[in-house]
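Since the structure comes first, as structure tokens, the remarks are kept for the end.
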Amino acid sequence: MGDSEEIAPAVQSILDAARERGGSGGRVSVTARSLPDAFDAAADAGRTPVIAEIKPTSPTADGERTDDPVDLARQMVEGGAAALSVLTEPDHFGGSAATLEAVRDAVDVPVLRKDFILHEAQLDVVEADVILLIVRFLEADGTDDLADLLTAARERGFQVLVETHTAAEVEKALDAGADIIGVNNRDLGELAVDLGTFEAVAPDVPEGVTLIAESGIQTADDVRRMRDAGADALLIGSAIMDHDAATDVEANTRRLTRADTDAVETTTTDT
Ligand SMILES: O=C(O)c1ccccc1NCC(=O)[C@H](O)[C@H](O)COP(=O)(O)O
């Protein structure tokens, strides 16, 4: 995403706000809970590996959830989430570093800090097990280099989820040394969601890289579609948070983390 490329106004606003944010001052150092191990443990226990996202609101959400994020986190883990994602972006997603800190203290699964990190200083905000780097955002003028940020994050103990949307971005992520890659079904240029994006891009991600399907996953059928296309795990926010109806987060999570098992049970019953 060069500055000349078309992007949605909401995304431009997210980028502008991210440019203004700094770090907390002190260098953060973390002993991270392993994300791949958490996915393996979930799969071994017969659950679909899901990162459930605490996202109070977003530019595309129909409403806002004001429930206690720690309660939501506990419900997501009870519903079988292998890991959690917590928005720390305050201006467009209602997140905060304090929320992430409280959630990470309350659960024992890995916690992803979901934010829009453009500079090394922005790594020094809060301890998290995983941080997100978005290839497309790091192509904008005046941002740090992806490989440099990846190294700086690992030096602090973070695991790094590198988010892509195209085959070309996957190549950049691999060149930078990424070992956990997300393919976002949401196009940050238009905010349109298409699960076909993951299906088209996943074959370009080599074996040995942990591959995560992100965004737009609503139903158990969507989960199975992404798993069939090669996803080791899924990042799911809106379908679990259900911003407009504020339904039971534990039940929403369970429905999605049981998708693989339910399919096997249905097949066994049918035969
Ligand atoms: O979620 C948004 O509206 C959004 C808008 C602009 C930039 C990023 C946005 N979301 C970030 C994400 O990656 C998602 O929160 C995450 O993948 C979960 O997606 P979903 O399950 O569709 O809520």
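Each ligand, and each atom within it, is numbered from 1 in the order the structure gives. These numbers come from the heavy atoms of this one structure, side chains and all, not from hydrogens, waters or symmetry mates.
Between Lys114 atom NZ and Glu214 atom CD the span is 5.5 Å, to the nearest 0.5 Å. Atom NE2 of His243 is separated from atom CZ of Arg65 by 8.0 Å, given to the nearest 0.5 angstrom.
Of all the heavy atoms in Arg27 and Asp124, the pair that sits closest is CA-OD1, 3.5 Å. Residues Phe158 and Ala128 share a closest heavy-atom pair of CD2-O, 3.2 Å.
Counting protein heavy atoms only, atom 15 (O) of ligand 1 is closest to Glu53 OE2, 2.5 Å. Here the heavy atom of the protein found nearest to atom 17 (O) of ligand 1 is Ser215 OG, 2.7 Å. Nearest protein neighbour of atom 10 (N) of ligand 1, counting heavy atoms only, is Arg186 NH1, 3.6 Å.
Those atoms of ligand 1 with a heavy atom of Gly237 less than 4.0 angstrom away are 18 (C), 20 (P), 21 (O), 23 (O). In summary, the atoms of ligand 1 found under 4.0 Å from a heavy atom of Asn184, numbered by their order in the structure, are 13 (O). Heavy-atom contacts of Thr60 reach the following atoms of ligand 1: 1 (O), 2 (C), 3 (O) (cutoff under 4.0 Å). Atoms of ligand 1 found under 4.0 Å from any heavy atom of Leu191, numbered from 1 in the order shown, are 5 (C), 6 (C). In summary, the atoms of ligand 1 found under 4.0 Å from a heavy atom of Ile236, numbered by their order in the structure, are 21 (O). Residue contact check: Ser58 has heavy atoms under 4.0 Å from atoms 1 (O), 2 (C), 3 (O) of ligand 1. Below 4.0 Å from some heavy atom of Ile14 lie the following atoms of ligand 1, by number and element: 6 (C), 7 (C). If you number the atoms of ligand 1 from 1 as listed, the ones under 4.0 Å from a heavy atom of Ser238 come out as 20 (P), 21 (O), 22 (O), 23 (O).
Heavy-atom separations between Pro59 and ligand 1 include at least one value shorter than 4.0 Å. A heavy-atom separation below 4.0 Å is found between Leu188 and ligand 1. Using a 4.0 Å cutoff on heavy atoms, Lys114 counts as a contact of ligand 1.
Considering backbone and side-chain N/O of Leu87, none are found under 3.5 Å from N/O of ligand 1. At least one N/O-N/O distance between Gly216 and ligand 1 falls below 3.5 Å.
The existence of a salt bridge linking Arg227 and Asp260 is confirmed by a sub-4.0 Å separation between a basic side-chain nitrogen and an acidic carboxylate oxygen. In summary, Glu127 and Arg113 do not engage in a salt bridge, as defined by a charged side-chain N under 4.0 Å from a carboxylate O. Classification of Arg21 and Asp16 as a salt-bridged pair fails, no side-chain N sitting under 4.0 Å from a carboxylate O.
Checked by atom type, the side-chain pair Asn252/Thr247 shows a donor-acceptor distance below 3.5 Å. Checking Thr57 against Glu64 by side-chain atom types alone, no donor-acceptor pair falls below 3.5 Å.
Only one option out of Arg136, His165, Glu169, Glu163 pairs with Asn184 in a side chain to side chain donor-acceptor pair (under 3.5 Å); it is Glu163.
Using a 4.0 Å cut-off between heavy atoms, Lys55 contacts ligand 1 through its side chain alone, with no backbone atom that close.
Sequence neighbours left out, the pairs with a member in residues 47-101 that pass ring pair (Phe, Tyr, Trp, His ring centres under 6.0 Å) are Phe93-Phe116.
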